[in-house]
Every structure is written in C-alpha cells, then in structure tokens.
Amino acid sequence: MIDLKLVQKQPELLGRALANRHSDLNVDDFLRLDARRRELLTEVESLKNRRNAASAEVAAQKRKGESASDLLMELGRVAERIKQLDGETAKAKADVEAWLMRVPNLPDASVPVGRDETENVEVCRVGEPRDFDTPPLEHGALGVALGGFDFERAARLTGSRFVVELNWAARLDRALVNFFLDQHTRHEGYIEVCPPYMVNRATMTGTGQLPKFEEDLFKLREADYYLIPTAEVPLTNLHAGETLDETDLPRAYCAATPCFRSEAGSAGKDTRGIIRMHQFTKVEMVRFAHPDDSYNQLEIMLGHACHLLELLELPYRVITLCTGDLGFSAAKTYDVEVWMPAQKTYREISSCSNCTDFQARRANIRFKPKTGKATWLHTLNGSGLPTGRTMAAILENCQQKDGSLVLPKALITYMDGVEIIEPK
RNA sequence: GGAGAGGUAGCGAAGCGGCCGUAACGCGCUCGACUCGAAAUCGAGUUGUCCCAGUGAUGGGGCACGUGGGUUCAAAUCCCACCCUCUCCGCCA
C-alpha cells in the first residue's frame, strides 16, 4: 500500500507515477474522498468528546444520588447523531481504503518510462546460444517424444494447461527442486521453508494479489482460502504483523511449492508446451531488507537467479521492466529471460522485484532500528527458479541431433548419474 | 466434528457496566541515584493509530482489551456471530 501522507502531500507525484503505469485511477477522486472522510471525522469526534464529558458528569451525579435526566435527554440525541455519523464515517473510510488498496507501487526513479513490454531495457546477455544444424525441436514436442510429458492424460485428469510428467521428466523436476534449494540454502544463506499452499484473504491482500487480481487466483469453495500463485505470498507474509529487530536484516527465505494460476485473460497464449500451466512448481526467494539496503539486496538476489542458469549452462539475458510492464507491488523488477532455440527468442524464467515498503505496509511488517521508532522494512522476491520453464529450456538447449537430451553437468548427481535421456 | 478453558501493554497477569486503558501487580527494557565497577536496592520512564492546531519541539481530541456486530447516556465488563490457542474425546494421512 502506498503512503497516505504521500498522496495527501504530493498528489502530483502519484499522478505522474500512475500515468507512467497507464493506470486509470484518478488522484483528484481520491482527494475528494479523503477530504470528505476528514470532515466527517472531525464532526463525529467533537460529538464523542461531548458525550464522554457528559457521561462522566452523569456518573458523578448518580454517585451523589442526583437525577441526571436533563443530561440524559441531551445525550440521547447526541448518541443518535453519533450513530448516524459513525456509519457515514465508516463508509468514507472504506472508500478511501478501497482506493488506496488498488494503487500500485511507485516505480523507482531508475525504472525506464515506457508503454509496454516492448520498451523494457536489456541489461546484459550471458552465454552463447548454440548453433543447430537442423532446426531444434520445440520443447513440448520433444518432451512428449522422449516419453516425459503426457498432455492427453493430463487433460483427461483435469483439463487444458496441465501436464503429467513421467519417468525422467518427473525425476528431473524433483532434481531441479533439490538443486535449486541446495544452492540457496548451502551457498546463499536462505532459510528453507515449507509453507501452506493455500492462504486466507488477508495474506493474499498483504502481498497485493487481492483485491485487484482475484480472477487470477483459484479459490476454495468451502473456506475463504486461495491456492497460492507463488510462494512469495506465504513467505513474505511469514512476518506479517511482526516487528523484526534491525539486526535480523537482511533475512532470506526460500521455498519450493506448487503454484496455481487461473491464467485468466491469457487464452490462446503459449498453448504449446509447458510455458503457461495452471499448476507448476517453483523455488521462490524472498528477502526482508533495511530500506537503505533493499536495492543492493535486489542485485544480490538477481545474482542468485542468474547463477543457477550459469550452473545449468543456459544462455540468458536480463532486462529491466519499464513502468508500463511493472507488476502491481513492485517498485523495480528485473526479468531474467532464458534462450529458447525453437522460438529463437528469450523467454521469462525469473522475475526479481524490490517491492520497497509497499507489501510491508499492507502486511504490517516492520523493523526496529537501534535508535528511533519501528518502521516498515522492504520486501523483495524472485524466482529461483520455476522447474517447468527450466526443464523447457533444458529440453530445447540441450537436445541432440539424434533426438536425445544431454543433461547439464550440474544436475548429474541429482539424477543418480544419468547424463543422457534417450528416445525409446 | 463434540465438550471444556482461554485470548487485556514486550512477556505473565488483575479487572467482569461509569471511580480500570497515559490498564493494578510481577517480569523485562531504558534512564538516573548509590558503587572504583558490577550485583542488589531505590527513583523515574516505558502502546499504537487517526483527526484538529502549529514551520517545529509540542498541545487538544477520537479510537483501540482476539475480530465484527448489537444493547446502553456510558462496554474490557452484558448479548450475538466468527477467528485463533490450550486440554480431553471422536475421525483421519
């Protein structure tokens, strides 16, 4: 959530930021709502002041054994008016909050201004795409040919945009999870977590999925619970409502979880292969940082995501998302894109964001500095990495002329020594 | 799912319609006194948030006793619903 004081004091700053994000929210609408709320508050609070003073007087008179009927009559009217104004004030407050909850985070000054994904800015390229003598197979077809993917049975079990992984593919999925988690926990200082895969409404609101993006989520019928679209949600909310000590920062968590996304509005997009599924497994990194240190932490976390691709010997590039492509909660985001030879293009495989104090305000996550009072810390999240898209990249980049797949060396111990996947 | 107990400041805990929410009492923490220093002891301090006024240090006021409603001139206290924790029972991977 954005700082209410900032909106009140610098509405033009927010207005510009919203324009850069192509938001349809109108700051003037908000200022009117907020002025109305404050007007009502002032009125109802002065009435409550009167009520409190007079009620004390009633108590005093009763103790002395006097009748307080005059006061009681006045207070009856005051109470009625308060009740009416309380209702209006609550409504005005709810309006203000509802508006604030739909305002996206302010982009950092270093974020390029742009309309959409075509105006994202490339930061660097790492690794050389391989030359293929014959056009490389698309990962979905190759996975099916090697007996690892079964889309037909998945469709029968559930529906479209699901996959059954079999044999080496199921094993590779698990190998990737272990490889990623080992890397983060052994070498990069992340605390491993196994969180709930479904969370309540407050938790989804804390990280910014709700109230605006309900249609992207799967919701349970029996309870007000949602399936997590990413482990960012439970990991970031781990410390919701808490005040950490300054010496606890930075703190890093990672978790491998299934992720569930309804993919509303992406009909017809990425229908081939396993790029866009309703369910996938992802290792997520989340960091809690001191506000002065969060952009430094973003670079560190981006390094962790990139390092995994280097260990897997997959070519990638890093881009900075422009204002028009930035996610709701993020102030700055780097996307890591892996090279996909069949499509001759880089595809998103990781997204590393600094959410500054945006989620911390919503989820009320603070830290106590050595001197001074507790204030909101900064939260960051990044994929490190999703197993499905990583597997897709391995399939396309590591395929051989004879239809086999030579696995990256880093995975061999995780695959019990298996180096090559051969067609049956 | 059933029965019972409980949720009050950083922690423990009292209060059970107005004199108790700048919330008794105890612990912790901060500052001070005593001390060469420390312990012990003594003293003082120790919630957040919103509104109004002020450049500001501040001052005035509202709200908050798990959450949300209700009754009342007045609710931590009475009523209703929900959430969570603990104990026991049942069911279950």
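Each chain gets a letter, A, B and so on, in the order its sequence line appears, and its residues count up from 1. These numbers come from a predicted model, not from an experiment.
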ask   = For B:C31, is chi within 90° of 0 (syn) or not (anti)?
value = anti

ask   = What distance, rounded to whole Å, do you find between the two P atoms, one in B:U67 and one in B:A75?
value = 16 Å

key: Assigned partner base of B:C19, Watson-Crick or wobble definition, under 3.5 Å   = none

request  = Tell me, with the steps shown, if A:Gln84 and A:Arg81 meet side-chain hydrogen bond (donor to acceptor under 3.5 Å, both in side chains).
outcome  = CA-CA 5 Å; A:Gln84 184 190 351; A:Arg81 180 73 180 140; 3.3 Å; yes

task = Round to the nearest Å and state the distance from A:Arg77 atom CZ to B:A74 atom P.
result = 14 Å

request  = Please state how far atom CG in A:Asp86 lies from atom C1' in B:A64, giving the value in whole angstrom units.
outcome  = 14 Å

message = Applying a 4.0 Å non-hydrogen cut-off, can you work out what A:Lys368 is touching in the nucleic acid: base, sugar-phosphate, or nothing?
response = nothing

ask   = Taking for each residue the nucleotide of RNA chain B bearing the nearest heavy atom, is the 5' side occupied by A:Gly76 or by A:Ser55?
value = A:Ser55

key: Counter-base of B:A64, judged by Watson-Crick or G-U geometry with both distances under 3.5 Å   = B:U47

query = Expressed as a whole number of Å, how far does the C1' atom of B:C34 sit from that of B:A38?
reply = 12 Å

remark   = When rounded to the nearest 0.5 Å, the distance separating CG of A:Asp29 from CG of A:Asp34 is 12.5 Å

Mate of B:U58 where both pairing distances stay under 3.5 Å, Watson-Crick or G-U = B:A53

Shortest side-chain distance from A:Lys83, nucleotide among B:U71, B:G48, B:G18 = B:U71

key: d(CD1, A:Ile82; P, B:U72) in whole Å   = 14 Å

ask   = Can you tell me the Watson-Crick or wobble partner of B:U41, both distances under 3.5 angstrom?
value = B:A33

key: P-based separation of B:U87 from B:G28 [nearest Å]   = 28 Å

query = Between B:A9 and B:G68, how far is it from one C1' atom to the other, in whole Å?
reply = 23 Å

ask   = Which value, in whole Å, describes the distance between the C1' atoms of nucleotides B:U47 and B:U30?
value = 15 Å

query = In the strands shown, is B:C86 matched to any nucleotide by a Watson-Crick or G-U wobble pair with both distances under 3.5 Å, and which?
reply = B:G4

request  = Round to a whole Å and report the spacing from NZ of A:Lys93 to C1' of B:G68.
outcome  = 13 Å

query = Pick from A:Gln183, A:His304, A:Glu284: which one makes a side chain to side chain donor-acceptor pair (under 3.5 Å) with A:Tyr190?
reply = A:His304

remark   = To the nearest angstrom, the CD-C1' distance between A:Glu57 and B:G18 comes to 13 Å

key: Atom P, compared across B:A39 and B:A33: separation rounded to whole Å   = 14 Å

ask   = How are the rings of A:His239 and A:Tyr253 set relative to one another: parallel (under 30°), tilted (30 to 60°) or perpendicular (over 60°)?
value = tilted

task = Give the rounded distance in Å between these two atoms: CE of A:Met1 and P of B:C50.
result = 10 Å

Distance, P atom - from B:C29 to B:G54, rounded to whole angstrom = 43 Å

ask   = Salt bridge between A:Arg50 and A:Glu74, side-chain N to carboxylate O under 4.0 Å?
value = yes

remark   = Taken to the nearest 0.5 Å, the spacing of A:Cys306 SG from A:Glu299 CD works out to 9.5 Å

request  = Map A:Ala79 and A:Ala374 onto RNA chain B by nearest heavy atom, then report which one ends up closer to the 5' terminus.
outcome  = A:Ala374

message = Strictly below 4.0 Å, N to O, side chains only: are A:Arg37 and A:Asp95 in salt-bridge contact?
response = no

key: Contact list for RNA chain B against residues 36-54 of chain A - heavy-atom distance below 4.0 Å   = A:Arg37, A:Arg38, A:Leu41, A:Thr42, A:Glu45, A:Lys48, A:Asn49, A:Arg51, A:Asn52

query = B:G66 P sits how many Å from A:Asn200 CG, rounded?
reply = 20 Å

ask   = Using the P atom in both, what is the distance from B:C78 to B:G15, to the nearest Å?
value = 12 Å

query = Given that both distances must come in under 3.5 Å, which nucleotide forms a Watson-Crick or G-U wobble pair with B:C27?
reply = B:G10

note = The residue among A:Val338, A:Leu411, A:Val406, A:Ile421 that forms side chain to side chain contact (heavy atoms under 4.5 Å, CB included) with A:Ile394 is A:Leu411

ask   = Between B:G17 atom P and A:Leu72 atom CG, what is the distance in whole Å?
value = 20 Å

remark   = Answer for the Watson-Crick or wobble partner of B:C78, both distances under 3.5 Å, is B:G70

ask   = Within the side chain of A:Asp325, is there an N or O that forms a donor-acceptor pair under 3.5 Å with the backbone of A:Cys322?
value = no

